[in-house]
Structure formats: structure tokens, C-alpha cells
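Please read the structure below before turning to the comments.
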Amino acid sequence: VAKNYGYLINTFTLLKDFPVTLDIFGNTNHGLFENLQLEITRNKLNVSFKGACNNVIDHLNNYDLFVMSSKNEGFGIAVIEAMASGLPVIVPSIPVMKEITSDNALFFNLNDPHSLFNLIKEFLEGEQPLNELSLFGLNHSKQFNRKDYLKKLLGIYAQITE
């Protein structure tokens, strides 16, 4: 429910006459997916559930754009991985996404499937600065690495225990 795949399905119902596909990675062992798959099949949508994936980064180079529709996220590591792969990202207009992307993504309204539809349509029509977003994402993602994160975390622990 938190990943909000129903929103993506609703958006792709609007996009069914456009040359665009959606692959969804993640655990599909949930009753919700059966209903979503029925809707995909009934509406003949270009949407596929790819299942769980241990190393998403290996797959990101196969895509032109990264979309996430989560209602909430603790951090959004998948967004950083997409940016590190050079993909422009389209994410919901929620505080954590604005923070981790430093406002350099395309943002949509989770209450309106037309909001995401319009962004993807603009992408298809070449009306979005995707090269700029891609370059920024590559540079921005460099600040998120394990070594620096652990250093900051250990610093916080040192302050707490003093």
C-alpha cells in the first residue's frame, strides 16, 4: 500500500495509447498484486511486475526514466541509486523526496494521476530538461556513500556518548 502501485496503474491507464512501458521491481507476495495484475490485464496496459531484485542497479541502465510513487519513504535509497545511474527521476511531491533530490527532480501530486501523466507526456514530447536532471543526479548522488554515512553516524554516536 505504501508503494502506491495503484496510482501507477491508474496513470498508465491514461497512458495506454502512448509508447511507454512500466516495469515494477519489488516483492509481489501480497494479495494486492493479484488485483493490480487483473487491472493491468483487463486494460491491456504495458505494465509488468518484475518481482524482487537483489541488485536493481544492474537493471537501471535498461531504462530512460525512474518513477517512484510511494506515499512515504524513510530515505528513498532507490531514488539515489537511480540518480547514481544517470536516470532522471520523477517522484511524488513529499518532503523526503524534495530533500534527497535537493529539489532537482520532476515532482507529481499523489492525489491526481493526471499529474504524473502530464510529466510523462512532457518527457515523451521532449519538453522536460531531462539531460540536466540526469547530470545533476549523477553529481548529487556522489554525496551518498557508505563511507561518509558511517563517518557521520559514528560522529553522532560519539557526541551522544560523551
Side-chain angles (χ1 to χ4, degrees), residues 1-94 96-98 100-141 144:
V1 174
K3 296 297 182 188
N4 206 16
Y5 296 139
Y7 179 92
L8 292 175
I9 304 304
N10 289 338
T11 300
F12 270 73
T13 300
L14 299 171
L15 288 164
K16 76 188 239 179
D17 294 327
F18 289 83
V20 63
T21 62
L22 174 68
D23 291 341
I24 300 174
F25 288 87
N27 185 352
T28 58
N29 293 331
H30 190 280
L32 172 72
F33 290 98
E34 191 173 308
N35 290 335
L36 292 173
Q37 188 59 58
L38 285 172
E39 192 168 340
I40 290 166
T41 303
R42 180 176 48 249
N43 290 305
K44 299 178 182 167
L45 304 179
N46 289 324
V47 176
S48 302
F49 288 109
K50 298 297 187 182
C53 179
N54 291 334
N55 198 0
V56 172
I57 291 174
D58 290 341
H59 299 278
L60 290 175
N61 291 333
N62 298 321
Y63 299 97
D64 297 315
L65 191 62
F66 177 86
V67 177
M68 178 181 272
S69 61
S70 296
K71 294 178 181 179
N72 53 55
E73 281 288 327
F75 176 71
I77 191 71
V79 173
I80 298 302
E81 290 173 334
M83 292 172 86
S85 295
L87 287 177
V89 297
I90 299 179
V91 292
S93 185
I94 58 177
V96 69
M97 293 301 160
K98 295 212 175 234
I100 64 173
T101 64
S102 292
D103 264 336
N104 284 282
L106 300 177
F107 298 97
F108 61 89
N109 180 342
L110 282 170
N111 296 316
D112 180 11
H114 284 91
S115 177
L116 178 57
F117 164 79
N118 289 330
L119 287 174
I120 293 174
K121 185 175 176 241
E122 289 170 6
F123 164 74
L124 293 169
E125 294 170 350
E127 296 176 11
Q128 289 292 342
L130 297 176
N131 287 337
E132 292 173 25
L133 289 172
S134 178
L135 289 173
F136 174 82
L138 279 169
N139 291 325
H140 180 66
S141 67
F144 299 98

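FYI, side chains are in, hydrogens and waters are out, and symmetry mates aren't considered; it's all heavy atoms of this structure. What you see is a predicted model; the values in this text were computed from it and never measured.
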Evaluate side chain to side chain donor-acceptor pair (under 3.5 Å) for Asn55 paired with Asp58, printing each intermediate quantity in order. CA-CA 6 Å; Asn55 198 0; Asp58 290 341; 3.0 Å; yes
Residues Ile57, Ser85; criterion side chain to side chain contact (heavy atoms under 4.5 Å, CB included); working and verdict: CA-CA 7 Å; Ile57 291 174; Ser85 295; 4.2 Å; yes
One pair to check against side chain to side chain contact (heavy atoms under 4.5 Å, CB included): Glu39 and Asn10. What are the steps and the verdict? CA-CA 9 Å; Glu39 192 168 340; Asn10 289 338; 3.6 Å; yes
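Asn43 places no side-chain N or O within 3.5 Å of a backbone atom of Leu45 that could act as its donor or acceptor partner. Between the side chain of Asn104 and the backbone N or O of Ser102, at least one donor-acceptor pair lies under 3.5 Å. Side-chain N or O atoms of Asn4 include one that pairs as donor or acceptor with a backbone N or O of Ser69 at under 3.5 Å.
Between Phe18 and Ile120, the closest side-chain pair of non-hydrogen atoms is not below 4.5 Å. Counting heavy atoms from C-beta on, the side chains of Met68 and Glu73 come closer than 4.5 Å. The closest side-chain heavy-atom distance from Asn46 to Phe12 is not below 4.5 Å.
Considering all non-hydrogen atoms of both residues, Val89 and Thr101 come closest at CG2-CG2, 4.3 Å. Scanning both residues, Ile94 and Asn72, for their nearest heavy atoms gives CD1-CA, 4.0 Å. When all heavy atoms of Ile24 and Tyr5 are compared, the closest pair comes out as CG2-CE2, 3.4 Å. When all heavy atoms are compared, the tightest approach of Leu119 to Phe108 is CD1-CB, 3.9 Å. The minimum heavy-atom distance between Pro92 and Met97, with the atom names listed, is O-CB, 3.5 Å. For the residue pair Ile80 and Ile100, the shortest heavy atom distance occurs at CD1-O, 3.8 Å.
For the atom pair Lys121 NZ and His114 NE2, the distance stands at 10.5 Å (nearest 0.5 Å). Taking NZ from Lys16 and CD1 from Ile40, the interatomic distance works out to 12.5 Å, rounded to the nearest 0.5 Å. In this structure, CG in Leu38 is found 6.0 Å from CD in Glu34, a value given to the nearest 0.5 Å. Taking NZ of Lys71 as the reference point, atom OH of Tyr7 lies at 11.5 Å (rounded to 0.5 Å).
In this structure, Lys98 satisfies the cation-pi test against Phe107, with its NZ or CZ atom closer than 6.0 Å to the six-membered ring centre and inside 45 degrees of the ring normal.
The side chain to side chain contact (heavy atoms under 4.5 Å, CB included) check on Asp17 picks up nothing, with sequence neighbours excluded.
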Using a 3.5 Å cut-off and no angle test, enumerate the donor-acceptor pairs between side-chain atoms of residues 123-139 and protein atoms at least two apart in sequence or in another chain.
unit_1 : atom_1 : unit_2 : atom_2 : d
Gln128 : NE2    : Glu122 : OE1    : 2.3
Ser134 : OG     : Gly86  : O      : 2.3
Asn139 : ND2    : Leu135 : O      : 3.4

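When Leu14, Leu8, Leu110, Leu15 are each tested for a side-chain contact (heavy atoms from CB on, under 4.5 Å) with Leu116, only one passes: Leu8. Each of Val91, Val67, Ile90, Asn118 was evaluated against Leu106; a single residue qualifies, Ile90, per the side-chain contact (heavy atoms from CB on, under 4.5 Å) test.
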